[in-house]
Participant: 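Here it is, the structure, as structure tokens.
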Amino acid sequence: MAADPATIAMNPTPSNPRDVLLRVDGLKKTYSAQGRDVEAVRDLTFELVRGELTCIVGPSGSGKTTLLRCISGLLEPTSGSVVLDGAPVKGPPRGMAVVFQEYGRSLFAWMTVRQNVELPLKVQKMSKSERTRLVDQSLESVGLAHSADSYPWQLSGGMQQRVAIARALAYQPQLLLMDEPFASVDAQTRADLEDLVLRVRHQFDVTVLLVTHDIDESIYLSDRVVVLSSPPSTVREELEIPLPRRRDQVTTKELPEFAHLRAHVFRLIKRESGAETPDAHDSSSLATAGEL
Ligand code: ADP
Ligand code: MG
């Protein structure tokens, strides 16, 4: 029997199925430490769409770092799987780069900025001129071209984190993982670094997964937000963020949709932790709700 044309119009076959770069399926991680088990991640399933920026938001101790370490192949999950571009992740894959929270510990103090950024490229078969081109391009993109010959300890915290971002970008990853990358810098530097990430993700055409405990940051940066439950973590909810792609610290955060999204995520997380949920119209209590 021929299909009713009206039904076809109402239920179109998706012409553009999700182009999945990474799939995390039933991920569980239990640590065994000093004779007792710590269940850090209970059951996480989600996908990253190629080209998107996804934030995972959850409170401290909800297993975010554990999750990123499992995704990057640095830690073996207790069960479940991570698949990058169709290939199961068994160890650190070539296509991923990680930016950690502690920029101070992730850079080598005795190497210049240029040498730090170039280091991961040296293990690849790449000509010196190609390495130089990639290092120059990535330092330029984070606004540090003039600091190439400085040492990390000569730079501010925000600048050091920009070096770590440049190093990750120079590596040309398919997927950039960031673990609370702006948690240790002041508010203005944090806003600048957020905007830097929004800029370079387009410039380098990279898929980004960033974990944060900051609700505002997760909404401001993302195409999609995955909200974790209280520990041991499961996925509480996944939200698409339908804000205009071009974000601005002032105008985006003024939008009513932004306020609704942050209130929604805040309630999800507070309900989880059993804390009181602020009234929907009580903007004063939400003013401080961004940080978990
Ligand atoms: P988050 O990054 O969200 O703060 P973590 O992944 O660091 O969370 O930690 C989740 C839980 O796992 C916490 O209870 C933490 O104490 C525990 N944990 C993390 N790393 C280890 C480890 N190496 N050994 C034992 N327990 C750990
Ligand atoms: Mg962490």
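Throughout, residue positions are numbered sequentially from 1 according to the sequence presented. Atoms within a ligand are numbered from 1 in the order they appear, just like the ligands themselves.
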Participant: Could you tell me, atom by atom, which parts of ligand 1 come under 4.0 Å of a heavy atom of Ser60?
Facilitator: 4 (O)
Participant: Name the closest protein heavy atom to atom 8 (O) of ligand 1, giving the residue it belongs to and the distance to 0.1 Å.
Facilitator: Gly63 N, 3.1 Å
Participant: Between the Mg ion (ligand 2) and Thr65, is there an N, O or S atom separated by less than 2.8 Å?
Facilitator: yes
Participant: Do protein heavy atoms approach atom 27 (C) of ligand 1 to less than 4.0 Å?
Facilitator: yes
Participant: Find out whether Met178 and Ile165 are in side-chain contact, i.e. whether some heavy atom of one side chain is under 4.5 Å from a heavy atom of the other.
Facilitator: yes
Participant: Determine, considering heavy atoms only, which of Glu39, Lys64, Arg69 sits nearest to atom 3 (O) of ligand 1.
Facilitator: Lys64
Participant: Just go through Thr66, Val211, Thr212, Thr30 and tell me whose heavy atom is the nearest to atom 9 (O) of ligand 1.
Facilitator: Thr66
Participant: Check whether the side chains of Thr65 and Asp179 place a donor and an acceptor atom closer than 3.5 Å, and report yes or no.
Facilitator: yes
Participant: Answer yes or no: is there an ion pair linking Asp195 with Arg247, defined by an N-O contact shorter than 4.0 Å?
Facilitator: no
Participant: What residue and atom, counting heavy atoms only, is the protein's closest point to atom 13 (C) of ligand 1, and at what distance?
Facilitator: Gly61 O, 4.2 Å
Participant: Specify whether Phe108 and Trp110 have parallel, tilted or perpendicular ring planes, treating 30° as the upper limit for parallel and 60° as the lower limit for perpendicular.
Facilitator: tilted
Participant: Kindly compute the distance separating CG (Asp85) from OG1 (Thr207), expressed to the nearest 0.5 Å.
Facilitator: 9.0 Å
Participant: Measure from atom 6 (O) of ligand 1 to the protein's non-hydrogen atoms and state whether any distance is below 4.0 Å.
Facilitator: yes
Participant: Are Arg94 and Tyr171 in a cation-pi setup, meaning NZ or CZ lies under 6.0 angstrom from the ring centre and within 45 degrees of the ring axis?
Facilitator: yes
Participant: Give the atoms of ligand 1, by number and element, whose distance to some non-hydrogen atom of Ala40 is under 4.0 Å.
Facilitator: 10 (C), 11 (C), 12 (O)
Participant: I'd like to check which ligand 1 atoms, numbered from 1 as shown, lie under 4.0 Å from a non-hydrogen atom of Pro59.
Facilitator: 3 (O)
Participant: Quick check against the 3.5 Å criterion: does Gln161 have a side-chain atom that pairs as donor or acceptor with the backbone of Phe100?
Facilitator: yes
